[in-house]
Trainee: 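Dropping the structure in here first, questions after.
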Amino acid sequence: MSEANPRRAGATATDEFSARQQEVDEARASEEGQEGRPYELRAATQGIFGELRADKAGLLAAIFLTIVLIGAVFAPWLAPQGPVEGNPSTASIDPIWAGGTWAHVLGTDAQGYDVLSRLMYGARTTLLIGFAVVLIAGLFGVTLGLIAGYRGGRTDRWLMRWVDVQVAFPGLLIALIMIAVLGPSKTSLIFVLSFNGWMVYARMTRGVVLAAKERPYVEAAEMVGCRPRRVMFVHILPNLTSSLVTLAVLEFARIILAEATLSFLGLGLQFPEVSLGVMANGGRDSFFSLPRLAIIPGVVITLIVLAVNFLASWLRVVFDPQEREKRFAAGATTAATTVEGAAT
Amino acid sequence: MGRYLSQRLGQGIVVILGVTTLVFVVTRMIGDPVNFILPLSASEEQRAALRSDLGFDRSILSQFGSFLRDAVRLDFGNSTYFRNEDALDVVMRFLPKTLQLAAAGMVMALLLSVPLGAIAALRPGGLLDKFLVTLSLIGLATPQFFLGQVILLLTSVKFNLVQFGDGPWTHLIFPALTLALPAIGRLTMVTRSAMIDELNSQYVKAARAKGVAARRIVGVHALRNAAIPFVTLFGWEVIRALAGYTLVVEAVFDWPGLGDLAILAIRERDFFLIQTIVFIVAIMVVLINIAIDVAYKIVDPRVKL
Amino acid sequence: MTSATSATSTTSTDPARTGRPVPSDELLVEVDRLSINFPVGRSGFWGQHQQWVHAVDDVSFGIRRGETLGLVGESGSGKTTIGRAILRRIEPSSGWIRFRGQYITDTKGEELRRLRQYMQLVFQDPYASLNPRMTVLQLVAEPLVVHGRAKSIDAARGDVVKLLGRCGLPEDAADRHPHAFSGGQRQRIGIARALALRPAFIVADEPVSALDVSVRAQVVNLLQDLQHELGLTYLFIAHDLSVVRHISHRIAILYAGKLVELADSDSVYESPRHPYTEALLSSVPIPDPPLQRARRRIVLQGEIPNPIHPPPGCRFQTRCPLAQDRCRHEAPPLEEKAPGHWAACFFR
Amino acid sequence: MAPIVVLGMIAAACGGDDEGGDGTTAESSAGSTGSTSGGTAGGTPVEGAEITIALGSEPTSLDPHIVDDGGERAINDNIYETLLTRTPEGELAAGLATELPTRVDDTTWEFTLREGVTFHNGDQFNAESVVATINRMVGLVERGETDNDGFYATLTGAEAVDETTVRITTNGPDGVLPARMYWLKQIPASEEETPDLSDAPVGTGPYTFVSRNQGVSIELEANGDYWGEAPAVTGVTYEFADDAATRLAGLKSGKYDVITNLAPQDVEQAPKYVTGKGQEHPILLLDADDGITADISVRKALNLAVDKDALANDLFGGFASVDAGQLLSESILGYNDTLTPYAYDPDEAKRLLEEAGVDGASIQLVGESGRWLKDRELLEAIAGYWSAVGLDVQLEVLEFGAYLDVLFDRENRADSIYVSSSNDLLDPERQLATYYEAGGIGSSNTNSEMADLIAAGRTELDEEARATMYQEAVKIAYDEALFVYLVNNEDIYGLAENVEFQPRVDSKLLVSAMSVTE
Amino acid sequence: MIGPPDDAPVLEVDHLQIDFVTRRGTVHAVRDVSFTIAHGETVGLVGESGSGKSVTAQALLGMIELPGKIVGGDVRWKGESLVHGPGVRRTIERVRGAEIAMVFQDPMTSLDPVFTIGSQIVEVLRRHRRLGRKAAKARAVELLDLVGIANPAARIKQYPFEMSGGMRQRVLIAMALACEPALLVADEPTTALDVTIQAQILELIAELQRELQLAVLLITHDLGVVAGVCDRVAVMYAGKIVEDAPAADLYAEPAHPYTAGLLGSTPRLDIVLDRLVAIEGAPPDLRLPPPGCAYATRCPHAVERCEAEQPSLERFVALPLAGEASEEDAVLAEDELDDPARTGRTVACFRADDLRRQRVSA
């Protein structure tokens with residue numbers, strides 16, 4: 001997933017321009033009364049809606065995710081039925097577009113459960129696992145990364161060896177074995193996925209800290225006599241936010257896929273818990289007779305992951321002024337050339 | 001080079017040790033496998049005998065010690081599920097199928113993602129680029145099992161195209177494609193962004209100023225440089241495939257490979273088999289990691305090993 | 001200012017301090033036989049050989065209170081390393097550094113932090129050396145706060161605004177972010193920040209080389225004015241001889257980690273003793289076509305030697321037009337060739 | 001002894017298939033209920049056709065005495081033969097023995113053997129080989145090396161009377177012995193001492209072993225020297241696909257000609273399918289001694305709360321019939337035809353629960369997932385029904401090993417435990433001993449009256465008398481509502497358009513019963 | 001087609017305008033730039049960052065890419081347009097690298113890091129000269145020798161990272177010269193280099209120029225660099241050329257206040273001043289270029305007209321340096337100069353003449 005950052009070395013005439021223009025832009029922005037807030041925050045608040053308007057995919061993604069999130073969070077109030085409400089006599093009711101009833105918009109599954117309700121509860125669990133894993137793995141990884149990056153030396157070497165070793169573990173296989181041992185439950189899923197996922201945060205955090213430590217302004221802070229803690233928290237850590245947010249978002253997508261995969265392999269959650277992966281697994285049995293039971297959760301998972309990816313690329317743009325500039329230029333010039341072409 | 005290799009091998013040994021230790025400890029937490037091995041009618045004496053035969057009555061440390069000692073001699077004990085067949089033999093029987101699948105998938109990924117990424121990078125923001133990017137994102141966003149199921153449904157059932165499972169090489173196409181698609185999505189994105197970076201770089205500008213043909217700039221200069229980040233990510237994809245996603249694909253297509261075997265071993269609590277599988281997979285991961293670095297050295301003369 | 005120049009050029013400082021101590025109240029900074037080596041990668045099949053970069057080798061000089069010493073060298077000559085070593089950002093491998101008569105080579109922790117109040121650094125890159133997230137007020141007041149000179153950022157506002165004004169920044173500068181300023185203005189902010197603690201000594205590490213030509217003069221003038229007003233002492237690091245000649249009382253020339261010449265700036269320009277200094281001077285183009293075309297130019301062949309494997313003997317011998325056999329075996333010592341004019345060459 | 005029988009049966013299940021009781025050969029007195037749908041039933045059979053059969057699981061070994069799993073049986077049933085067979089209706093009939101055995105005394109049975117039968121390796125089938133077979137099995141049981149001890153623990157040995165007469169002895173009166181000889185596969189005398197017959201199975205059956213590519217396939221070809229009628233299909237390849245969808249996909253794409261365990265919901269997708277009344281009876285064991293289920297009215301309520309018809313028709317797609325208040329299929333000795341299923345009456349169930357004062361109480365329901373057809377779905381459905389009548393159902397779908405621990409934990413019975421009972425020998429003894437008889441390894445009651453009846457039946461050699469005892473025992477369990485009776489689900493096979501196959505009541509997958517038409 | 005007369009300029013830049021589209025408006029990077037380069041002439045283009053000098057240089061090779069766009073004017077190479085017209089792509093392909101060659105500022109990144117320098121030189125030769133592999137290799141060795149690289153036969157097998165900056169710049173020059181171009185565009189070729197290496201490279205360029213009869217366009221921000229090398233110097237400010245003059249004249253008597261300011265604010269090795277004359281302020285925002293002279297806000301001599309009206313490049317006649325000349329002399333001198341392209345001076349300042357008079361009277 002990781003996309004390399006655009007190179008900044010080798011300044012060209014165009015870069016020279018954007019650098020200068022940016023300077024001037026910022027000057028103007030602050031004259032307009034935007035001063036006083038950290039740059040990225042400002043970029044975020046200023047750019048979110050503008051960027052969203054420009055980025056149709058991002059906008060759609062945001063809308064879709066909002067709907068999913070609302071459906072998931074308020075499932076107990078919004079869902080027409082419980083996740084395991086129903087019995088075989090109500091099984092396999094067709095969805096509304098195939099002549100079903102409004103009582104079961106997406107129909108029912110082989111068990112007689114309402115598919116829409118299960119989708120909402122399933123998304124609720126899946127998203128919860130995603131958030132929990134991102135939070136736990138993120139906290140753990142970032143903490144270790146900070147320690148490694150800032151302490152350096154032997155601590156760094158040992159921590160990073162640990163990371164290296166664990167990164168080389170065959171993740172899915174280990175996850176399967178661990179879940180088999182711990183028993184499939186929400187807690188063990190969260191634990192296992194966190195166990196397998198913290199390294200990327202540690203590496204990134206360490207990388208950012210190391211890079212930030214080399215920034216002249218960090219040296220400048222140390223030069224004027226800032227204590228290490230202040231250097232860390234005031235001068236180094238704020239560099240982390242944008243990459244951390246983007247990483248967390250992408251990791252969230254990855255976790256959703258991982259949860260679905262584990263559930264699909266039968267090592268996910270157990271009745272009466274339902275997640276999107278559990279639904280996909282449930283649909284597996286009747287894949288040929290009622291393909292919708294597998295396709296609906298499959299498509300929803302795909303869409304969520306897709307939307308999260310779009311969101312991440314939009315975030316990258318929001319956080320990275322250079323990227324914003326590039327996007328804008330691409331759009332504007334195509335527009336400009338079209339207009340010109342029409343004129344001639 | 002020597003220092004590098006010895007370092008990497010040392011690290012590899014730590015990795016393998018770490019993985020096997022973890023799996024050893026974890027599997028010992030599952031519970032007594034003797035009940036799984038013996039018929040339920042077996043007497044307590046028979047159970048005890050088997051337990052001491054397999055060493056489960058000893059302390060976990062001493063078990064681990066003898067496990068390691070035997071592992072060094074490539075003796076991982078016998079599979080309990082496969083009727084006392086040597087666990088390594090069992091793994092080696094299933095391994096070729098997985099390697100076949102992974103190799104086919106990764107070759108597909110390589111052959112498709114590089115040109116697609118390069119084409120997308122030619123006009124970033126253009127229509128073709130947007131199309132390819134969206135396609136790639138969909139590819140990497142789709143759960144592999146779902147992809148596999150849909151492919152299965154469409155190819156084998158709806159259109160009766162090609163079969164799968166054991167048989168001629170054509171059976172490999174769709175499982176391999178399923179394995180490859182998410183990788184193709186990710187690698188296309190990587191190739192694309194690396195190519196965009198390279199095409200914006202100073203040396204490309206300089207090459208254009210020299211009058212080097214556009215085809216050569218893209219196909220030779222930018223591509224070779226873009227290969228540098230690509231190599232790492234491609235290596236990761238190979239690892240991902242071998243150590244994880246073949247599991248899913250094999251489950252969906254009933255491909256008789258290591259992944260299928262792993263799920264079976266876990267389900268049947270075949271400890272020795274689980275350990276052997278993990279050990280072999282860990283070795284492959286370590287070797288691939290070293291291969292990545294060597295490949296790195298090949299594409300980038302600046303890298304010193 | 002002219003008087004200051006003549007004062008330093010007449011009072012000879014013994015840079016190697018061979019025996020005869022100089023009155024301590026006159027020397028603010030003393031560097032004595034400073035050598036700095038950095039470990040770099042390893043070589044050999046098993047990586048058994050640790051390699052070292054010999055960045056600075058046996059360098060000694062002193063800087064008097066109120067003086068500007070220009071430290072000139074090409075990239076890799078060790079000039080930045082020396083500056084950082086004096087500021088105790090880099091550990092010397094051997095040698096001593098004294099500041100206000102006290103040895104500071106072993107200063108650490110809190111003590112070192114307190115020492116920072118008296119010696120400060122002006123950075124080369126005005127874009128990267130200011131934290132983009134902070135306002136100018138926060139940036140300039142930070143040193144005051146962390147040293148307990150001000151209770152809070154806002155409490156320091158008055159002083160900061162005054163200081164900014166003195167550095168030629170507009171009144172409303174305090175509440176803006178560094179982005180809002182041009183390169184020259186940012187360098188002014190950097191200078192204000194360095195001056196906030198009223199240090200006695202400033203290391204200016206190529207403070208104008210990243211700036212546009214038309215802005216350079218503004219910053220150079222500012223540095224000169226501040227020195228005049230505040231009695232500052234500068235170590236002015238540069239690769240550009242013309243700026244150094246303009247601003248410095250004395251100039252020290254480095255080549256591949258070695259001090260090759262040290263004299264007052266007029267002497268360096270008018271009667272360079274070291275062949276490298278000569279070549280360096282002739283490499284600087286003069287914006288006057290007839291003059292430039294008429295100048296005798298010494299174009300050195302080859303490049304600065306690899307600091308991992310410096311050549312034996314004189315380090316300049318590989319490129320020196322005067323080099324003879326002796327230079328290849330024996331390193332010429334830095335000797336006082338004329339009063340106050342030190343050079344390290346056997347033949348000049 | 002009873003536990004041993006049961007354990008063997010469970011082990012059989014452990015060996016095997018992920019979802020169907022495909023290998024559980026049992027027989028139903030309902031006779032051949034095979035039905036065909038879709039496709040043409042007629043056509044000219046093709047001579048020398050070769051087919052591919054997809055099984056749900058691969059045999060871990062091909063030694064017919066050591067393992068007992070569906071995969072092994074599906075293949076070895078075609079290679080080996082047994083002394084007795086069963087008719088398509090389930091009646092014992094002559095096999096390698098020319099007639100049913102005669103009882104010499106309470107513990108000795110005499111068999112007369114067919115002449116002129118040779119093994120695939122050329123060895124003669126005779127009394128000597130039968131003795132070798134029995135001895136090998138006795139040894140395996142003694143050493144605890146076989147999964148089949150539940151079937152053969154009563155055997156003590158055999159002796160050859162002459163070339164074609166053999167006497168088999170048991171350790172006590174054993175009315176089940178003829179049924180056991182329907183199960184025991186005959187091997188050549190030369191292989192008595194062979195520890196593992198897996199690599200090259202040698203039998204007397206219509207098919208000979210060709211090759212085994214472990215993890216991939218097993219091939220057989222028709223035995224040219226077969227003593228019986230030559231089979232129409234001359235070559236068969238077995239492949240293994242544990243995923244139902246994959247099997248179906250293979251069938252549809254023409255890769256497979258026959259697949260086992262076609263899921264009920266998929267029958268319409270298959271080119272053709274046939275069904276046979278299987279021996280699989282999922283039921284719930286209720287703890288009659290402790291906890292909420294100690295109250296008979298609660299146990300009755302639990303029965304009344306479940307809509308068995310919906311399970312049979314919706315969950316199993318109609319490929320199941322509601323159990324008539326007993327675990328036994330109609331064809332089995334001891335079937336009590338006076339019993340009728342508990343009705344579906346949730347209101348009455350609710351009333352009974354309220355009366356018992358356990359309204360809203362929590363009840364454990366323990367089961368597993370993936371071994372038997374629709375097991376998880378069945379459990380979830382039952383949990384749903386019980387919740388609907390006001391119980392707080394604690395459903396635990398356990399991993400198989402953990403499930404077995406619960407099932408055999410006689411000290412702390414769970415309130416209700418899901419089991420899927422089958423009947424390999426087509427004799428009631430095992431099921432009754434396991435789940436009905438107090439002290440049985442899976443039983444949840446201490447009803448001594450019923451236990452006595454079952455114990456007596458075990459050693460009773462008179463069929464009529466046995467049947468009566470069992471019928472009484474079954475009635476007690478029904479009246480006491482010791483189980484929640486559910487359904488008997490059918491075996492469903494998917495066939496290619498041009499394949500004919502009539503499933504057997506005992507679920508044996510005999511290739512000789514298949515043919516390929518034009 | 002008949003070729004241009006010998007004394008006609010090989011390169012004409014004619015009212016060139018280049019815009020860059022950014023999210024907060026269009027940057028008018030190059031605003032109406034015109035100049036010419038004759039056969040074998042060395043022209044310096046001097047300006048600060050953002051003045052548009054590098055963009056102009058890139059336009060000469062048809063290398064302006066989005067978000068940049070040539071919105072007006074023309075660049076003609078030997079009479080053929082490199083900007084528009086039917087065959088422009090072909091022309092650019094033919095000219096680029098073969099007739100006009102370019103050397104960039106940053107030798108560290110201008111070479112492909114993963115190919116040997118030999119293969120990168122050979123690539124150009126094979127493309128433009130259709131040389132065989134062997135011949136191209138031999139020629140590459142010759143070229144490296146020409147630019148003063150010792151042991152060229154061994155060097156061609158090296159990778160860029162194995163060479164120092166100065167060495168790489170020599171390689172880049174060798175590459176630029178591979179096809180014996182008529183014009184070498186050197187964009188800040190020495191900025192990234194050390195002083196002694198800068199001297200080497202400048203020397204090399206001057207030498208090659210003499211030997212090969214090259215026309216050279218040397219782009220730099222450093223007035224000192226061009227002083228020793230160039231015949232003529234054009235000074236750019238805020239996207240425009242403000243002054244264009246023979247080198248000696250420009251330094252002796254800068255006509256535009258900006259040129260004068262630049263010279264005044266550059267410390268000189270040979271003259272020690274108490275204080276440098278700094279130009280206050282900063283260049284204007286090129287998205288909204290001022291209606292008048294872009295330098296007006298910083299110019300000590302600005303009058304009202306400067307802020308309202310754009311001065312265009314006008315012929316400027318310098319006075320004899322003696323300082324005693326009268327206005328008649330100036331007129332006379334003007335008559336004598338009939339070839340403004342080569343020897344004439346132009347300046348874009350309303351007050352150039354006033355200031356000249358002031359200097360005279362001073």
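All values below were derived from every heavy atom in this structure, side-chain atoms included, with hydrogens, water molecules and symmetry-related copies excluded. Within every chain, numbering begins at 1; the chains are lettered A, B, ... in the order of the sequence lines, protein sequences first and strands thereafter.
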Trainee: Which atoms of E:Q120 are under 4.5 Å from chain B, going by heavy atoms: the side chain, the backbone, both sets, or neither?
Mentor: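 Both the backbone and the side chain of E:Q120 come within 4.5 Å of chain B.
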Trainee: Check whether any side-chain heavy atom of B:Q202 lies under 4.5 Å from a side-chain heavy atom of E:L111, and answer yes or no.
Mentor: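 In short, these two side chains do not touch, never coming nearer than 4.5 Å.
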Trainee: What is the distance from atom NZ of B:K205 to atom CE of E:M63, rounded to the nearest 0.5 Å?
Mentor: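 Reported to 0.5 Å precision, the distance equals 6.0 Å.
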Trainee: Walk me through it: do E:V114 and B:V299 pass the test side chain to side chain contact (heavy atoms under 4.5 Å, CB included)?
Mentor: CA-CA 7 Å; E:V114 299; B:V299 293; over 6 Å; no
Trainee: Output the residues of residues 212-223 of chain B for which the shortest heavy-atom distance to chain E is under 4.5 Å, in residue-number order; output 'none' if no such residue exists.
Mentor: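 Hits under 4.5 Å: B:V212, B:A213, B:R216, B:V220, B:H221.
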Trainee: Flag the one option from B:A207, B:A206, B:A227 with the top tally of heavy-atom pairs under 4.5 Å to chain E.
Mentor: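 Top option by heavy-atom pairs under 4.5 Å: B:A206.
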Trainee: Identify the heavy atoms of B:P301 and E:P113 that sit nearest to each other, and give their distance.
Mentor: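 That would be CG-O, 3.7 Å.
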Trainee: Check this for me: E:F161, atom CZ, are more than 12 non-hydrogen atoms of other residues, nucleotides or ligands nearer than 6.0 Å?
Mentor: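 Yes, the 6.0 Å shell around CZ holds more than 12 heavy atoms from other groups.
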Trainee: On a heavy-atom basis, which atom in B:A209 and which in E:R96 lie closest, and how many Å separate them?
Mentor: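 Reported closest heavy-atom pair: O-CG, 3.4 Å.
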Trainee: Could you tell me which non-hydrogen atom of B:R208 sits nearest to which non-hydrogen atom of E:G62, and how far apart they are?
Mentor: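 So the minimum-distance heavy-atom pair works out to NH2-O, 4.2 Å.
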Trainee: Could you go through residues 134-147 of chain B and list every donor-acceptor pair under 3.5 Å that involves a side-chain atom there, pairing it with any protein atom two or more places apart or in another chain?
Mentor:
{"unit_1": "B:T134", "atom_1": "OG1", "unit_2": "B:K130", "atom_2": "O", "d": "2.6"}
{"unit_1": "B:S136", "atom_1": "OG", "unit_2": "B:L132", "atom_2": "O", "d": "2.8"}
{"unit_1": "B:T142", "atom_1": "OG1", "unit_2": "B:I138", "atom_2": "O", "d": "2.6"}
{"unit_1": "B:Q144", "atom_1": "NE2", "unit_2": "B:T178", "atom_2": "O", "d": "3.0"}
{"unit_1": "B:Q144", "atom_1": "NE2", "unit_2": "B:L179", "atom_2": "O", "d": "3.0"}

Trainee: Identify which of E:R127, E:M175, E:M102 forms the greatest number of heavy-atom pairs closer than 4.5 Å to chain B.
Mentor: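 Looking at each of E:R127, E:M175, E:M102 in turn, E:R127 comes out on top.
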Trainee: Does the ring of E:F115 carry B:R224 above it, NZ/CZ under 6.0 angstrom from centre and within 45° of its axis?
Mentor: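 Yes, a cation-pi geometry holds between B:R224 and E:F115.
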Trainee: Between B:K210 and E:E123, does any side-chain N to carboxylate O distance fall below 4.0 Å?
Mentor: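 Looking at B:K210 and E:E123, the cut-off is met.
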